[in-house]
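Following: one structure in C-alpha cells, then a few remarks.
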Amino acid sequence: MHEAYDIHGVQAKWLPIWDELTPFRSGSADDARPKKYVLDMFPYPSGDLHMGHAEAYALGDVIARYWIQKGFNVMHPIGWDSFGLPAENAAIKRGVDPRAWTYENIAIHKASMRRYACSFDWDRVLHTSDPEYYKWNQWLFLELYKKGLAYRKDSAVNWCPTDQTVLANEQVVAGLCERCDTPVTKKKLNQWYLKITDYADRLLVDMDQLEGNWPEKVMLMQRNWIGRSSGAEVSFVIEARAEPIVVYTTRPDTLYGVTFMVVAADSELAAELVAGSEIEPEFKAYVDGVKAASDIDRLATDRPKTGIFLNRYAINPVNGERLQIWASDYVLSDYGTGAIMAVPGHDQRDLDFARAMKLPVVVVLDTGEEDPNQTGIATAGEGTLINSGSLNGLSKTDAITKITAELVEKGLGKSAKNYRLRDWLISRQRFWGTPIPIIHCDSCGEVPVPQDQLPVRLPDAAGLDLKPKGSSPLGAAQDWVNVSCPKCGAPAKRDADTMDTFFDSSWYFLRYTNPFDDVKAFDAELVNQWLPVDQYVGGVTHAILHLLYSRFFTKVLFDIGLLNFTEPFTRLLNQGMVLMDGSAMSKSRGNLVTLSEQLDMHGVDAVRLSLVFAGPPEDDVDWADVSPTGSLKFLNRAWRISGDITSEPGVDFTTGELSLRKVTHKALHDIGFAVESFRFNVAVARIMELVNATRKAIDSGCGPKDPAAREAAETIAIALSLVAPYTAEEMWERLGHKPAIAKAGWPTLDESLLEADAVTAILQINGKIKDRIEVSPSISESELEKLAFANSEISSAIAGATILKVIVRAPKLVNIVL
RNA sequence: GCCCCCGUAGCCCAAUGGCAGAGGCAGAGGACUUAAAAUCCUUCCAGUGUCGGUUCGAGUCCGACCGGGGGCACCA
C-alpha cells in the first residue's frame, strides 16, 4: 500500500506560504544579477480565466521560473488590459456599471492566477482603466500631437448601420459587424489618426534585428501588412487642366502599353474632373452606388468591373497618345495617388476593365504566353520589350531602369515607394476608454488639455446612455463635455471620443518598471535598465496589430529621446490555441472545456503539465488528445521518489553511484537545452526519463540511500518546479529542504559526467547497417576504422570487393562504399 | 488568385545529414490483491503523404504533386 498523493491538499498547503515568501518579487534594477524581463501579454478581464490563458501562462511560467533558477534577476509582471467594449456590452445588456463589472472580473482573474501559481510579481500590477494609467495615455497622445504624429482627417470609416457606431478593422469579420452580423458600410467621418505610415520603412527594416528571435510567420505577416512596393511616379498631362495627374506604378516598363487611365471613383480628383460637365449627375449616381456597397461586395474580387468614362483625356508621356480617363471603384483613393495608368496587356484588373468597357489592349512585353486579347489573361512573366520605342529588346528589369532614368531626365517622373500600411484610426465612439485630451474651441480650434489638468477623467457612467447611437456617449455628459477653452477662456467642448484600446497596450510594458510613478509615464533610467523585453509570450492573434503598434510607439519614444532601444521585444513566442475535438472551444459549438473544472478535477499541476507536454508550444493543443490523468500519474511517481530517499540533505553527491549520476547530469543538460530552445514538451519528456531511471535505481540499482538517488530526486524536483510548482515544493520539503524551491537554484552541471563510458558505433556497407560495436567515445578515426575492418560481418561483406571509399565519423559510424 | 507553415505508429509527439522511437496516451499480457483501485514489470504497432533529385548515407536538403492549416486579398 502506497501513501496517496493529495494534490488538492498540497495546493491548499503551499499557497499561503508562498504568499508570505513572495518568491517572485523582482529585484531592483541595480541588482547585481543579470536581468531578464519575461512578459506575458496581459489579459482582457472578461469572466474567468479559460484554457487559452492556462496554456499561455503555463508556458510563460516555465521560462520565467527557469531564468530565476538560473540566477537571473527576473521581472515577470502582470496587469489587465481593462478598457474595452465587452464592459460596455455588459453595461448595456445588464445595466451594470462598466467600471464595477471590470474590476470585479479582475478580482476573479487575480484569484485564479494565484491558484494557478503563476510566478507573477504582484507588486507591479497595473490596470489600463485606472486614471493613474490612462493619464499617461493622454500624455503620450499629446506628445504625438506635438510631433505632428496625431492628426484629424475626414475619411470613409467602417460603419455598422445597426449598432450606429464606427468599427475598428479588427471588428469587421468578413465584411460583417462582429457583434450583430450586419454588413458593414463606409461612412465619411472626421477622426483622429496616428501617423504610423511615417515609420513604415523603419518598421520594415528594423525587423532584421528580430531575425531568428521572432517566429518567421509573424515577421512575414508584418512585412505583408506594411506592404512596401517600389516603382515610379509618372506625370500625365491632362487636356484642359493646368496640373498633370501623377500615377504610381510598379511597372514603368509597360508605359507604352498604357491604353487608358483610371481614377478612384470616390476621390476628390474624380469629382473635380467631372465638375460642371453634363455627365456629372451620372457620375454622382455611380459614386453613390459605390459608397453604398458593403465590404461584402467589395470582398468579391471576381465581381464584374464597373466604371464611368469621364469625358476627359490624358496624354501618354512616352508616345503622346490620347488616353480616356475613367472612374472606377477598383482603384483605391487612399493608395498611391488614387489614380492609375492602365496596362491591360499586363495587369489582370486593367484587362478585366478593358474588356468590360471595350477599351484597347496593347502587348508591350513578349513573354511567350498567349495573346491576352484572345485568352483574357494578362501576361505577367519575364520577357522582352516590344512596341515600346527606345525600350524595344530590353528585359523587364533593364527597361524599368532605363525608362525611370528617362522620366527623371525629362522631369516627368521619379522612382518611388509605396506602402499598403495606412495610418492608425484611434477614435472610438465608446464610453469605456481613454478620453482624447483635446478641447475644441470655436475660435482657437484644437486645443490640447494642459499637462497639469491631466488626467481627463471619465465621468460616472450612471445616467449616461451607453447604447450605440452614432456618437460618443461622452458627448451627452453635459457637465463633462462643456468646458472653457484653456487658451481664450471661451465656452468650448471636450473631444467626446475615446482612444482605441490598442493605444493602451502599445506601451504598458514600459510602465511595469514603475507602475506607481505619478510624475511621469516611466523613468527613462529604469526602463533602459529593464527593457527591451527579453521574452514576450502571447497569442498569434496579435501578430500584426498589437505588435506593430508597440514597435511604432517604441520608435517614437526613441526619437523623443526617452528610450535607448528601437525594438521593444527581443524574443517572441506565440503559443498555439487550446482546441477541443479539433476546433476552437465555444459555447455554441458545445465543446467548451472549463478551466476551473479541469483544475478541480486534476489539480493545477496536472493541467499545467498536460498543456506544456502536449506538443511544441506554438502548436495548437487539442484537449481531447491530452491526458491530465496521465500527467497526474506521472506527478505521483515523481512525488513518491521524494519520499523514498533515505540519505540526508547536503550529502556529498560526488560519492554517489556513477551510472545514475551520469543519467542525472545528462538529463539536467538536456532539460536546460530544451527549455532554452522552447522545446518544453521535450524537457518534460527528459524529466520523465529521469524519473523512470531513478525509480529503477531505487528499486533495483543503487538503492534509496545512495547520494546519487538524492541527487536525482532533487534534480527532478527543481526541474519539475518549472511546470508543476506544487508537486515540486512538496517534493522539496519531503527531501528535507525549506521553501521556496522556486529559488533553490538550478543544479550545477558536471560536464565530466556527460561523456558516456561506451557508445555504439554503427558499421555500414553502402549506407546499409551491417553491425554495431561498442567503442570508447574518445576512439580515434583510424582506430575505429581498424575495428570496422576487423569485424566479421564487415569482412565477409567486403570479401573480394573493391573498396571505393571509407567514411569514418568517430565514434559513431563507419561507412564502407563498395 | 498570391504568400507561408505542416504531413513520422491507432493517437499526441521525439530524432546537430549518420541505429526511425526519447516521452506519453490508448491497447495486450503479467506481478501484487479475496476482488477492485492504485502501484510495478513486460509487450504489440510505422519505415517517415507521393514521385523524382542531391549525397557514401535523406524523416532531415532541393524540385514537383497530393492532403491539412494559416495569412493577405482589386494595394496598380
Side-chain angles (χ1 to χ4, degrees), chain A residues 1-5 215-225 227-229 231 247-251 254 262 264 298-303 305 328-332 334-343 346-350 352-353 380 418-422 540 543-544 576 582 609-610 613-616 618-622 624-631 633-634 636-637 640 667 670 673-674 679 681-692 695-696 699-700 759-772 804-809 812-818:
Chain A
M1 195 54 192
H2 296 285
E3 40 173 341
Y5 174 46
E216 271 307 315
K217 182 180 160 189
V218 173
M219 290 200 288
L220 189 77
M221 282 166 69
Q222 293 221 354
R223 287 191 177 107
N224 289 342
W225 187 265
R228 182 168 78 180
S229 74
V247 303
Y248 171 75
T249 177
T250 55
R251 295 294 305 277
T254 59
V262 188
R298 287 186 66 88
L299 280 169
T301 45
D302 54 352
R303 80 198 164 109
K305 292 275 185 286
S328 173
D329 65 350
Y330 89 90
V331 171
L332 307 176
D334 59 350
Y335 182 80
T337 60
I340 63 153
M341 58 180 227
V343 187
H346 305 289
D347 182 288
Q348 191 59 47
R349 297 153 301 180
D350 295 344
D352 292 343
F353 191 81
N418 248 306
Y419 300 88
R420 199 166 61 190
L421 183 69
R422 306 295 151 87
V540 75
I544 298 172
L609 181 71
S610 300
F613 183 55
E618 59 275 10
D619 286 6
D620 291 343
V621 175
D622 194 328
D625 290 334
V626 307
S627 170
T629 52
S631 296
K633 219 162 88 178
F634 162 70
N636 212 324
R637 275 164 64 79
R640 247 174 4 97
D670 290 356
F673 183 71
R679 282 147 53 233
N681 54 327
V682 179
V684 170
R686 295 288 170 265
I687 303 174
M688 288 174 169
E689 274 181 279
L690 183 57
V691 166
N692 292 344
R695 177 80 264 152
K696 201 169 260 178
D699 292 346
S700 55
V759 295
T760 306
I762 47 175
L763 307 180
Q764 299 177 324
I765 301 287
N766 291 336
K768 300 269 189 307
I769 295 152
K770 290 293 170 194
D771 204 1
R772 304 174 168 87
L804 297 176
K805 204 169 178 182
V806 180
I807 288 126
V808 185
R809 294 280 181 276
K812 293 174 76 177
L813 164 127
V814 177
N815 185 16
I816 298 164
V817 187
L818 303 180

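First the proteins, then the strands, lettered A, B, ... as listed; each starts at 1. If you're wondering where the values come from, they're calculated on a predicted model, not measured in any experiment.
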With rounding to whole Å, what would you report as the distance between [N] and [M] at their [atom1] atoms?
N      : M      : atom1 : answer
B:rA64 : B:rG27 : C1'   : 40 Å
B:rG69 : B:rC12 : P     : 14 Å
B:rC6  : B:rG10 : P     : 23 Å
B:rU39 : B:rC45 : C1'   : 26 Å
B:rC2  : B:rA73 : C1'   : 8 Å
B:rG53 : B:rC11 : P     : 30 Å
B:rC5  : B:rU60 : P     : 16 Å
B:rG57 : B:rA38 : C1'   : 49 Å

Any idea if B:rG10 is syn or anti, going by the 90°-from-0 cut?
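Anti, since the glycosidic angle lies more than 90° from 0.
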
So which nucleotide from B:rG71, B:rC74, B:rC4 ends up closest to the side chain of A:Leu220?
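For the A:Leu220 side chain, the nearest candidate turns out to be B:rC4.
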
I want to verify a distance call: between B:rC19, B:rG71, B:rA76, whose nearest atom is closest to the A:Thr760 side chain?
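Within the option list, the nearest is B:rC19.
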
Using nucleotides 56-58 of chain B, report all nitrogen or oxygen pairs with the protein that are shorter than 3.5 Å.
from   : atom 1 : to       : atom 2 : distance (Å)
B:rC56 : OP1    : A:Lys805 : NZ     : 3.1
B:rC56 : O2'    : A:Asn815 : ND2    : 3.4
B:rC56 : O2     : A:Asn815 : ND2    : 2.2

Can you tell me the Watson-Crick or wobble partner of [N], both distances under 3.5 angstrom?
N      : value
B:rC25 : B:rG10
B:rA15 : none
B:rC74 : none
B:rU39 : B:rA31
B:rG47 : none

A:Asn418 or A:Arg679, whichever maps to the more 5' nucleotide of RNA chain B
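Whichever sits nearer the 5' end wins; that is A:Arg679.
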
Between A:Ser627 and A:Thr337, which residue's closest nucleotide on RNA chain B lies nearer the 5′ terminus?
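The residue closer to the strand's 5' end, by nearest nucleotide, is A:Ser627.
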
Taking any heavy-atom pair under 4.0 Å as a contact, classify [X]: base, sugar-phosphate, or nothing.
X        : value
A:Arg422 : base
A:Lys633 : sugar-phosphate
A:Ser631 : nothing
A:Ile340 : base
A:Asn681 : sugar-phosphate

With side chain to side chain donor-acceptor pair (under 3.5 Å) as the criterion, how do A:Asp352 and A:Tyr330 come out once you've worked through the C-alpha distance, each side chain's angles and the decisive distance to 0.1 Å?
CA-CA 11 Å; A:Asp352 292 343; A:Tyr330 89 90; over 6 Å; no

Quick one: does any side-chain atom of A:Asn815 pair with a main-chain N or O of A:Gly767 as donor and acceptor, under 3.5 Å?
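Yes, A:Asn815 side chain to A:Gly767 backbone: donor-acceptor pair under 3.5 Å.
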
Using atom types as modelled and distance alone, determine if a side-chain donor or acceptor of A:Asn766 lies under 3.5 Å from a backbone N or O of A:Lys768.
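Absent.
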
Should [X] and [Y] count as side-chain neighbours, where that means a heavy-atom distance under 4.5 Å?
X        : Y        : value
A:Arg228 : A:Leu421 : no
A:Val626 : A:Asp622 : no
A:Gln764 : A:Leu813 : yes
A:Val814 : A:Val806 : yes
A:Lys217 : A:Val540 : yes
A:Arg637 : A:Met688 : no
A:Phe613 : A:Phe634 : no

Has the side chain of A:Lys812 got a donor or acceptor that lies under 3.5 Å from a partner of the other kind on the base of B:rC19?
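Result: no qualifying N/O pair found.
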
Return the set of residues passing side chain to side chain donor-acceptor pair (under 3.5 Å) with A:Arg420 (not counting sequence neighbours), or none when no residue passes.
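Result, side chain to side chain donor-acceptor pair (under 3.5 Å) vs A:Arg420: none returned.
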
Distance in angstrom units between [X] [atom1] and [N] [atom2], rounded:
X        : N      : atom1 : atom2 : value
A:Leu609 : B:rG23 : CG    : P     : 16 Å
A:Tyr335 : B:rA73 : OH    : P     : 13 Å
A:Asp347 : B:rA76 : CG    : P     : 9 Å
A:Glu618 : B:rG71 : CD    : P     : 17 Å
A:Asn224 : B:rG71 : CG    : P     : 12 Å
A:Asp622 : B:rG68 : CG    : P     : 18 Å
A:Arg686 : B:rC13 : CZ    : C1'   : 12 Å
A:Ile544 : B:rG70 : CD1   : P     : 15 Å

Should the pair A:Asp334-A:Arg422 be classified as a salt bridge under the 4.0 Å nitrogen-to-oxygen rule?
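Yes, charged N to carboxylate O under 4.0 Å.
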
Could you tell me if A:Ser229 and A:Tyr248 have a donor-acceptor pair between their side chains, going purely by distance under 3.5 Å?
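Checked: A:Tyr248/A:Ser229 side chains pair up, N/O donor to acceptor below 3.5 Å.
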
Using a cut-off of less than 4.0 Å, is there contact between a side-chain N or O of [X] and OP1 or OP2 of [N]?
X        : N      : value
A:Tyr330 : B:rA76 : no
A:Ser229 : B:rA76 : yes
A:Asn692 : B:rG24 : yes

Under 3.5 Å, which protein N or O atoms sit close to an N or O of nucleotides 6-11 of chain B? Give each pair with its distance.
none

